[in-house]
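Down below is the structure, laid out as structure tokens.
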2 protein chains.
Amino acid sequence: MARKLSAADAPLRLDNQICFAVYSAAHAFNRVYKPLLDRLGLTYPQYLVMLVLWERDDVPVKDIGEKLFLDSGTLTPLLKRLEAAHLVKRTRSSEDERQVLIALTSQGHALKDKARSVPQSVLAASDCSVSELVAMKDEIVALRDRLNAVIGE
Amino acid sequence: MARKLSAADAPLRLDNQICFAVYSAAHAFNRVYKPLLDRLGLTYPQYLVMLVLWERDDVPVKDIGEKLFLDSGTLTPLLKRLEAAHLVKRTRSSEDERQVLIALTSQGHALKDKARSVPQSVLAASDCSVSELVAMKDEIVALRDRLNAVIGE
DNA sequence: GCACATTCAATTGCGAACAATTAAATGTGA
DNA sequence: TCACATTTAATTGTTCGCAATTGAATGTGC
């Protein structure tokens, strides 16, 4: 028997998947960021780590992971690359030797000024008003938090 | 001089980044899908490929790539893994020997029925009405398409 | 027909992302 | 104190994702 388009298949259609919308939008963002971040010598996940550090410095790996929803398997090699690029320094905490504290170098601090043009370039690429983007962001964050709540059972 | 919270820093604050909202939501979706897809023996990107093939079979790699915004560097090894799992078959097109056509095996077809429960499980996890999700999806797709339009210059 | 560009998939190399495990440091209860 | 659990990063192995290159097949302009 021939397979035909069926209403029963609608939930499995690619264009009906919000997850694919989110997935493909994330990749689109990545491609927009790439040329901008190349000039800073950063990848997108490295940029996210730098955003965290520009807000608060000298934090354990765990804190960065909680903010970005990433684990040490991702962060350890990434932070070593940032260290190799002389943007951060990794030092064991003296109070708790299990922790590795991540601190910006002077170059890491200085990069913040170069990064200021990035958000507005992305805003321009999105061809969208700030208020619309803020509304979308809030919706997506709310959805993400509901999903994450389910993961923790 | 001490660095303090400044209005000039707002565009660089992690919580103000819609790209991070999208990025972290994509990961949250991935984590929700993981246990569901494990039962099908699929990863999330593999699931996306199967969604494409369940809609239309016997398509060149390029078509799959255009629908999913992925290139051969990602798809070739992924499709080889699907072939190793006996879900698809890869054959050179006789009309154009440059193309590799991807066709579902009987097992690949059969997996569709097992996959039908996935979307509703994710819907439940999102704790959101269908109409809200559809509205969000449309907004995100529109944003994605604007971003992709900029990438093509 | 023949040089040339184009198209398509495969390959290589690098950087995430994550599960699972390991090892060291710390905390806890008896 | 001492056995035990917990916390924290690092490590290992697998899979994506993409840039850049390669090589074969096809299309083109002369």
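Protein chains get the first letters and strands the later ones, always in sequence-line order, with residue 1 at the start of each.
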Problem set entry | Most 5' of Asp71(B) and Thr76(A) on DNA chain D, judged by nearest nucleotide | Thr76(A)
Exercise. Should Lys34(A) and Asp38(A) count as an ion pair when the cut-off is N to O under 4.0 Å?
Worked result: yes
Exercise. Quick one: does Ser72(B) reach the base of dA10(C) with a side-chain donor-acceptor pair under 3.5 Å?
Worked result: yes
For this session: Could you state the atom-to-atom distance from CZ of Arg90(A) to C1' of dT8(D) in whole Å?
Result: 13 Å
Problem set entry | Which residue lies more 5' along DNA chain D, comparing Arg31(A) with Arg92(A) via nearest heavy atoms | Arg92(A)
Exercise. Less than 4.5 Å apart, any side-chain heavy atom of Phe29(A) and any of Phe20(B)?
Worked result: no
Seminar exercise, completed: Separation of dA19(C) atom C1' from Asn30(B) atom CG, nearest Å, is 12 Å
Problem set entry | Rounded interatomic separation in angstrom, taking OH from Tyr44(B) and C1' from dG17(D) | 15 Å
Exercise. Heavy atoms under 4.0 Å, any strand shown: does Pro77(A) hit a base, just sugar-phosphate, or nothing?
Worked result: nothing
Problem set entry | Non-hydrogen side-chain atoms of Met50(A) and Leu82(A) separated by less than 4.5 Å | yes
Problem set entry | Any Arg98(A) side-chain nitrogen or oxygen under 4.0 Å from OP1 or OP2 of dT6(D) | no
Exercise. Given atom CD of Gln46(B) and atom C1' of dG17(D), what is their separation to the nearest angstrom?
Worked result: 14 Å
For this session: Please tell me if the side chains of Lys137(B) and Ile140(B) come closer than 4.5 Å, counting only heavy atoms from C-beta onward.
Result: no
Exercise. How many angstroms lie between CG in Leu68(A) and CG in Leu78(A), if you round to the nearest 0.5 Å?
Worked result: 9.0 Å
Problem set entry | Length of the line joining Leu70(B):CG and dC8(C):C1', which is rounded to integer Å | 16 Å
Problem set entry | Upstream residue (5' side of DNA chain C) when Asp96(A) and Leu78(A) are each assigned their closest nucleotide | Leu78(A)
Exercise. OP1, OP2 of dA17(C) versus side-chain N and O of Tyr23(B): anything below 4.0 Å?
Worked result: yes
Problem set entry | side-chain N/O Lys80(B) vs dC16(D) OP1/OP2, d < 4.0 Å | no
For this session: Please determine if a side-chain N or O atom of Lys34(A) lies less than 4.0 Å away from the OP1 or OP2 oxygen of dA16(C).
Result: no
For this session: Taking only the side-chain heavy atoms of Pro60(B) (C-beta and beyond), determine which of dA9(C), dA9(D), dT15(D) contains the nearest atom.
Result: dA9(C)
Exercise. Quick one: is Thr43(B) getting a side-chain N or O under 4.0 Å of the dT14(D) phosphate, OP1 or OP2?
Worked result: no
Problem set entry | Presence of Thr74(A) side-chain N/O under 4.0 Å of dA17(C) phosphate oxygens OP1/OP2 | no
Problem set entry | For atom CD of Glu97(A) and atom P of dA25(C), their distance in whole Å | 7 Å
Exercise. Just how far, in rounded Å, is P of dT15(D) from CG of Leu42(B)?
Worked result: 13 Å
Problem set entry | d(CD, Glu66(B); P, dT7(C)) in whole Å | 12 Å
